[in-house]
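Just below is one structure, and these are the notes that go with it.
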Amino acid sequence: MLCTPGSWCGDSPTMVPQSRLEKTRNIGFVAHIDAGKTTVSERALYVAGRIYKIGGVDEGTTAMDWMAQERERGITITSASTTCGWNGYTINVIDTPGHVDFTAEVERSLRILDGGVVIFDAVAGVQPQSETVWRQADRYHVPRICFINKMDRLGADFHRTVDSIARRLSTTPVAIQIPIGLEDAHRGVVDLIEGKALVYSNGSPEPPQEASVPEEMLDEYHRHRESMIERVAENDDELIVKYVEGREITKEEIKRALRKATIEYRLVPVLCGAALKNVGVHPLLDAVGDYLPSPLDMPPSVGKDPETGAPVVRDTSEDEPFAALAFKAVADPFIGRLAYFRVYSGEVAPGDTVYNPTTGKRGRIGRIVRMHAQHREELDKVVAGEIAAAVGLRGVSTGDTLCAVGDPIVLETITFPDPVMSVSVEPKTRADQDRLMDALSKLSDEDPTLKVSFDDEIGQTIMSGMGELHLEIVVDRVRREYKVDANVGRPKVAYREAISRPARAEGRLVRQTGGHGQYGHVWIEVEPAERGAGFEFRDGITGGAIPKEFIPAVRRGVQDALGAGPLGGYPVVDVSVRLVDGSYHEVDSSEMAFRVAGSLAAKVAVRRAAPVLLEPVMKLEVVTPGEFLGDVLGELGRRRANIRSIEGRGGVQTVRARLPLAESFGYVNSLRSLTQGRAGHSMEFEEYEEAPAEVAAAAV
């Protein structure tokens, strides 16, 4: 059956034969943990005809949560992709994790997506990880729509959640639906644009029944429809004239203006429903097609020439040279290494040779597959605007560009946060040492936020990640997938060092060994930079005191020294370095000599600049029954927490605080014990700040 625009099309993924790219949507479901992303995606795949049985998160039977660890814990750990058809559109879907420990999966997904569906809990509203994923989407300029889920839960409030989206996310939401009934009485939605009710019966996944707006809701309907039209008209030059003149604005004009404003990040359409009972899923899929952009709506891809650094622009077209971004690499136990990529221009087919300008190497595409969670579908080729995975493409890492051999381009890569927690890990038998390192190497290749190193001083392998759950999952995968049993040490905090005052120092290397010697001499000044600014190096040399060709070597030497600070050997961050003077020898000076001189100067300067220890601080939100508030606050006080706010609503208290990471270990068990298991919490990294003297002394 072919779909026709405007009709429900839950049983056919067939595309209407018109412009393929105009009818393509690359979207992701993102949200705070437990907001219902996987449930929404499961229902969407079912009504679109992609799967034929609805799974449940609690039962571990959903299509997108396919890892054993995901099914056991009832959470999404790794992003899963699939493709479905709806109402003539081809929708490429990525379901992302909600737990902050797996934020890298969200980061790399948003980098290659054209649009996002942000899901909120109708009771909890905007939660901490909701803010995090919203900021990530802002960074990559991803247009989005909102779906307020769980309208059937006790305490659900649609309008309060819309207000919290506007207030906490600094955006302009525009409700295009209002719920019919709340909590147990929730049975559908009123479409403010179409002017009709969509009523669902007893949680059935069947399409909703269209009806007139309930009489008791007419006043509410007219009030919110007028507000919606006003908000949309304010963002459209043509409609604002008609609105001011009091002329009628048609639903087609509203949709056109709303789509344009959504793609330009000026408005965010808001829908609602209860995915567990299938309410609101059909119009949500309609909204994906109506308001989120196609690849053609996005600006051309801008990269750089790997040789000259000059800007290179590629339009989204099959006629352009091939260019794609690899956003994920995984080791598949059945077919080997898979490299997921998004094609921005041109096309590629199995057997083609592609160039990786990041590594400077060529590779041959073996097979191309489209993934449906862990299942694969062979493809003859992939063209601009599509997402697929390549089999057998070696040496490709997350963030690498793949391009045509004769037309090189480097696309914007993906940035990931640094790990904040470490544990030591060692095999239970010496015979498993090589197998353990092989397993950790493969897992760190998949996960850019997992770092593995060997500490020579203590003779242990150190594994660093984003949190306790992250490292726990890695160890569990090592045991299950690679059959290596390992002992894991206690978690350690990834401290940093910084300087607290300016300083100046000299670095000199003079070495004569017969023949040419080594001579390098520099003076540098260091001063504290703003927290989070990272490393800055400035060239202040005048009069040719140091030749230009040696300046980069000085910079590398300074960076070498900042890799291990004087207090505890932790990296030195947030420092501005200025090269101010020096001297050279026409014969004996070399890049190596100036690199060593720069390193010597930086070590002395940092010691003189009153170094301080920085500790990672987490943003914590605890939701607890009011009767346990005193115990919760007392426990946070014992853990050096800084309480930011306490809000009460309906017998439930929400505590927002800042908690040092070092004090967070074991907090989950303590909170459960204090509140009889009735409180919940979420925690994410916020920033580094100076540690108290006693903490610094213990850490050093």
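Model, not experiment: these values are computed from the prediction. Values below: every heavy atom of this structure, side chains too, minus hydrogens, waters and symmetry copies.
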Verdict with reasoning, R144 to D138, per salt bridge (charged side-chain N to carboxylate O under 4.0 Å, His left out): CA-CA 10 Å; R144 66 218 78 154; D138 282 340; 3.0 Å; yes

Could you go through the salt bridge (charged side-chain N to carboxylate O under 4.0 Å, His left out) check for D114 and R342 one step at a time? CA-CA 11 Å; D114 298 326; R342 156 75 189 265; 3.2 Å; yes

Salt-bridged, R477 to E446, with N to O below 4.0 Å?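 A salt bridge is present here (some side-chain N lies under 4.0 Å from a carboxylate O).
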
So, D236 and R256, do they make that salt bridge, N to O below 4.0 Å? yes

With distance as the sole test, does D400 use its side chain to make a donor-acceptor pair with the main-chain N or O of T359 at under 3.5 Å? no

Under 3.5 Å donor-acceptor, R231 side chain and P173 backbone: yes

CD1-OG distance between I94 and S41, expressed to the nearest 0.5 angstrom: 12.0 Å

Is any side-chain heavy atom of P143 closer than 4.5 Å to one of M298? yes

Below 4.5 Å, heavy atoms only, C-beta onward: do Y344 and I112 meet side chain to side chain? yes

Any donor-acceptor N or O pair under 3.5 Å, side chains S294, D297: yes

Quick check on side-chain contact (heavy atoms from CB on, under 4.5 Å): which of [options] does [X] satisfy it with?
X: V452; options: V474, L443, L440; answer: L440
X: M228; options: L267, V174, L258; answer: V174
X: I91; options: T83, L285, T82; answer: L285

Other residues, nucleotides and ligands only: do more than 12 of their heavy atoms fall within 6.0 Å of CD on E378?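 For E378, atom CD is crowded (more than 12 foreign heavy atoms under 6.0 Å).
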
